[in-house]
**Q** 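Sharing a structure below in structure tokens format, with a few things to ask.
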Amino acid sequence: MLSLVCFSVAATVVSAGAQGSGDGQGGGQASCGSAEVAEAEAQTGGRMMSVSQQSRGGQTICQVTVLIPPQGDGKPRRQVVTIRR
């Protein structure tokens, strides 16, 4: 059940990111979307929790927060991956 909820939330965040956040960040630049999420997930082996977009020096920065599965009896951990567009 939890994986279905996580997947549903992930799909919603990716859709919102692909459409732009509407908060003025990025000013006409391409939005963060599924390509950035896929890259972050591939780098970490985790699943996307959230995506945010910033503009730094005219460049779009996508920050993808991923949840990395536990190893052994440990807890899952969260990691933020920065993708430059």
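Owing to the predicted nature of the structure, the values given are computational and were not obtained by experimental measurement. Throughout, numbering of the chain's residues begins at 1 and tracks the sequence.
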**Q** Would you confirm whether Gln53, through its side chain, and Thr60, through its main-chain N or O, come within 3.5 Å as a donor-acceptor pair?
**A**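 Pair absent, no side-chain N/O of Gln53 close to backbone of Thr60.
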**Q** Taking Gly33's backbone N and O only, do any of them form a donor-acceptor pair with Glu36's side chain (distance below 3.5 Å, no angle check)?
**A** yes
**Q** Are any of the side-chain heavy atoms of Pro70 and Pro76 separated by less than 4.5 Å?
**A**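 Of all side-chain heavy-atom pairs linking Pro76 with Pro70, at least one is under 4.5 Å.
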**Q** Side chains of Val66 and Gln43: closer than 4.5 Å at any heavy-atom pair?
**A** no
**Q** Of the non-hydrogen atoms in Pro69 and Gly46, which two are nearest, and what is the gap between them?
**A** CD-CA, 4.1 Å
**Q** Rounded to the nearest 0.5 Å, what's the gap from CD on Glu41 to CD1 on Ile68? Could you check?
**A** 11.0 Å
**Q** Just verifying a value: how many Å separate Gln54 CD and Gln59 CD, rounded to the nearest 0.5 Å?
**A**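 If I round to the nearest 0.5 Å, the distance is 12.0 Å.
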**Q** Give the minimum heavy-atom separation between Cys32 and Ile61, together with the two atoms involved.
**A** SG-O, 4.2 Å
**Q** Quick one: does Arg85's side chain have a donor or acceptor within less than 3.5 Å of a partner on Ser31's backbone?
**A** yes
